[in-house]
*Asks:* 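The structure under discussion is supplied below as structure tokens; questions concerning it will follow.
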2 protein chains.
Amino acid sequence: MDSAIVNRNVDTVYFNWRKRLSDTKYHHGNLKQALIEAGLDILCAEGLEKLSLRACANRAGVSHGAPKNHFATLAVLHGALATEGFKRFSATMREHMINAPKDAKSQVLASAQGYVAFVEENKDLFRLMFSMERQPDIYPELLPASREAYSVLREVAQNMSPENCENPQGQLSVETMLWTFIHGYAVLKSNKQFYTANAETGADPKLEDIFPRFLFKNE
Amino acid sequence: MDSAIVNRNVDTVYFNWRKRLSDTKYHHGNLKQALIEAGLDILCAEGLEKLSLRACANRAGVSHGAPKNHFATLAVLHGALATEGFKRFSATMREHMINAPKDAKSQVLASAQGYVAFVEENKDLFRLMFSMERQPDIYPELLPASREAYSVLREVAQNMSPENCENPQGQLSVETMLWTFIHGYAVLKSNKQFYTANAETGADPKLEDIFPRFLFKNE
DNA sequence: CACGAATGTTGACACTGTCTATACTTGGAT
DNA sequence: ATCCAAGTATAGACAGTGTCAACATTCGTG
């Protein structure tokens, strides 16, 4: 008896067992998206340290080598997850803006609060998004997605004044100031690294309280 | 012949071979410090991803299990490296302050520039320092070292005005504002994530240019 | 239907952290 | 001086990881 036939039979039995077990076909159908969602789940439930190609493959019900066809390396999967992160990041900011008054100041604060809210709810995803070296080519959608997120801040920054920068270079400086400020706050808060937490309650300083008032026009 | 004696002889030969090879004693003498320095070297030369207990052990010329006696887990080594990082961090800021004019504004800018300079020269060490979950107990000297670094900013913040916070809560708000701003700038710059880089030169926005002028007293 | 491309499986290799058992060294108590 | 316990280093094992290569299966298109 040809050993290839034996192997085939064994494999077929194994395949049928897998099929009954997980109700999936040999071809998953949408493994790439499934792996991304598995990665997001792991980030949320177990943290960045537990994120691995094999863990994603396992959670998606495929073998450890399967991801290779969709993500050549772990870095590429990171890029894909960061891309999805930036999309949700933009959406969270815009949701907060929609639910806020439409005056300029409220919109700026709403975007900032959306920024912080996203970080609070997606701590490890946020870490992944912003701890990656800038490799625009690692994943094709990454750069556009991050630029889209930045454009949200750019919109609200149009209602802020560049006159209060040390060396105002126009609108660009205001955007950078706003981003720098919000990003710094979000990073320090998410890492629980505020030394200025309220001594009694342990609460972090509120974004609204330390937000630089001078940044607004017409006040 | 007792097998223990055989083993002893074999081990003695092996020991002598090692001794000739690396000119070290069986007891390293100061392995803990050597491992920390090996870790810093690796962070500088190969990056955070390449930092491992075994790589440090290898660089220090000891076996892979040796670090266990000084750092129970990788997280503890991380804590030790972060501690050393915070000490150098404080020193860098203070050096910049010493070499700057003594007026309040120059001192604030100098500390900020020291902050950024450290991050630029110790990118992966900085990432390690600020990407660690706050675990004050992981390494005994970590918390004091990080608080010492923060106290540098606290000093210069005494020359800044809380009047321009949205909801000024006194000196604490100014400290938090300053730290948030500088930290955000340093993180974004070190990760090369400024979208507002000069279109022609590719240069990042300068800290001095976007520094919020309103923060200073008496101006 | 056939065949190449796309997708998934399996096994291997070199890494990693961590645990255990063991050996050596040192320093202090007897 | 000697002996023993604590400190320190080694070696081997185990599970887990990324990555690669060989192979199997399925899909899509001629």
Side-chain angles (χ1 to χ4, degrees), chain A residues 2-19 21-22 24-35 38-39 42 46-79 138, chain B residues 2-19 21-22 24-35 38-39 42 46-79 138:
Chain A
D2 191 340
S3 71
I5 294 179
V6 172
N7 283 337
R8 182 175 178 180
N9 288 340
V10 168
D11 284 339
T12 302
V13 167
Y14 176 69
F15 167 71
N16 287 334
W17 170 75
R18 275 193 71 85
K19 188 172 181 178
L21 196 68
S22 59
T24 58
K25 295 177 283 188
Y26 183 99
H27 278 145
H28 180 287
N30 198 8
L31 180 55
K32 183 171 181 177
Q33 195 57 35
L35 288 170
I42 291 173
E46 306 175 54
L48 180 53
E49 286 68 20
K50 294 290 184 182
L51 177 66
S52 69
L53 282 170
R54 291 169 105 109
C56 290
N58 196 43
R59 188 175 280 245
V62 295
S63 70
H64 71 267
K68 193 67 181 287
N69 296 311
H70 304 280
F71 307 105
T73 68
L74 178 61
V76 179
L77 175 64
H78 283 172
I138 195 77
Chain B
D2 191 339
S3 71
I5 294 179
V6 172
N7 284 337
R8 183 175 176 178
N9 289 339
V10 169
D11 285 337
T12 301
V13 168
Y14 177 69
F15 166 71
N16 287 334
W17 171 76
R18 273 195 72 85
K19 187 171 181 178
L21 195 68
S22 60
T24 58
K25 293 176 286 188
Y26 184 98
H27 277 144
H28 180 287
N30 197 8
L31 180 55
K32 183 171 181 176
Q33 195 57 36
L35 288 171
I42 291 172
E46 306 175 53
L48 180 53
E49 286 68 21
K50 294 290 185 183
L51 177 65
S52 69
L53 282 170
R54 290 169 106 111
C56 290
N58 196 45
R59 189 174 278 245
V62 294
S63 70
H64 72 268
K68 193 67 181 287
N69 296 308
H70 305 280
F71 307 105
T73 69
L74 178 61
V76 178
L77 175 64
H78 282 173
I138 195 76

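Numbers restart at 1 for each chain; the letters A, B, ... are given by sequence-line order, proteins then strands. Computed from a prediction, not measured in an experiment: that's the story for all the values here.
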*Asks:* Give the rounded distance in Å between these two atoms: CG of L74(A) and P of dT17(D).
*Replies:*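 Checked: the CG to P distance equals 11 Å.
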*Asks:* On the side chain of H64(A), is there an atom forming a donor-acceptor pair with the base of dG8(C) - under 3.5 Å, no angle test?
*Replies:*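 Not at all, since no donor on one side and acceptor on the other fall under 3.5 Å apart.
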*Asks:* Please tell me which of G65(B) and G65(A) maps to the more 5' nucleotide of DNA chain D, matching each residue to the nucleotide holding its nearest heavy atom.
*Replies:* G65(B)
*Asks:* Could you check whether any side-chain heavy atom of C56(B) comes within less than 4.5 Å of a side-chain heavy atom of L77(B), counting everything from C-beta outward?
*Replies:*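 Yes - at least one pair of side-chain heavy atoms lies under 4.5 Å apart.
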*Asks:* Taking atom types as they are modelled, is there a donor-acceptor pair under 3.5 Å from the base of dA9(D) to the side chain of N69(B)?
*Replies:* yes
*Asks:* Quiz question: going by heavy-atom distance under 3.5 Å, is there a donor-acceptor pair between the base of dG18(D) and the side chain of R54(A)?
*Replies:*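 Indeed there is one.
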*Asks:* Between P on dA14(C) and NZ on K50(B), what's the gap in Å once rounded to a whole number?
*Replies:* 15 Å
*Asks:* Using whole Å, report how far CD of E49(A) lies from P of dT16(C).
*Replies:* 18 Å
*Asks:* What is the distance, to the nearest angstrom, from the CZ atom on F71(B) to the C1' atom on dG7(D)?
*Replies:*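 To the nearest whole Å, that distance equals 15 Å.
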*Asks:* Could you tell me the separation between the CG atom of L51(A) and the P atom of dG16(D), rounded to a whole number of Å?
*Replies:*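 Checked: the CG to P distance equals 16 Å.
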*Asks:* Does the side chain of K68(B) get closer than 4.0 angstrom to OP1 or OP2 of dA9(D) through an N or O atom?
*Replies:*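 K68(B) to dA9(D) OP1/OP2: no side-chain N or O under 4.0 Å.
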*Asks:* From the set dG17(C), dA9(D), dG8(C), return the single nucleotide nearest to any side-chain atom of L53(B).
*Replies:*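 When the side chain of L53(B) is considered, dG17(C) is the closest of dG17(C), dA9(D), dG8(C).
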*Asks:* Any side-chain N or O of S52(A) below 4.0 angstrom from OP1/OP2 of dT17(D)?
*Replies:* yes
*Asks:* Round to the nearest Å and state the distance from L77(A) atom CG to dT19(D) atom P.
*Replies:* 10 Å
*Asks:* Rounded off to whole Å, could you give me the CG-to-C1' distance for the L31(B) and dT26(C) pair?
*Replies:*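 Going from CG in L31(B) over to C1' in dT26(C) covers 16 Å.
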*Asks:* Calculate, to the nearest 0.5 Å, the distance between atoms CG and CG belonging to L35(B) and L53(B) respectively.
*Replies:*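 The CG atom of L35(B) sits 8.5 Å away from the CG atom of L53(B).
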*Asks:* Roughly, in whole Å, what's the span from CD in E46(B) to P in dC15(C)?
*Replies:*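 Spelled out: CD on E46(B) to P on dC15(C) is 13 Å.
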*Asks:* Is the distance from OP1 or OP2 of dA6(C) to the nearest side-chain N or O of H70(A) less than 4.0 Å?
*Replies:* no
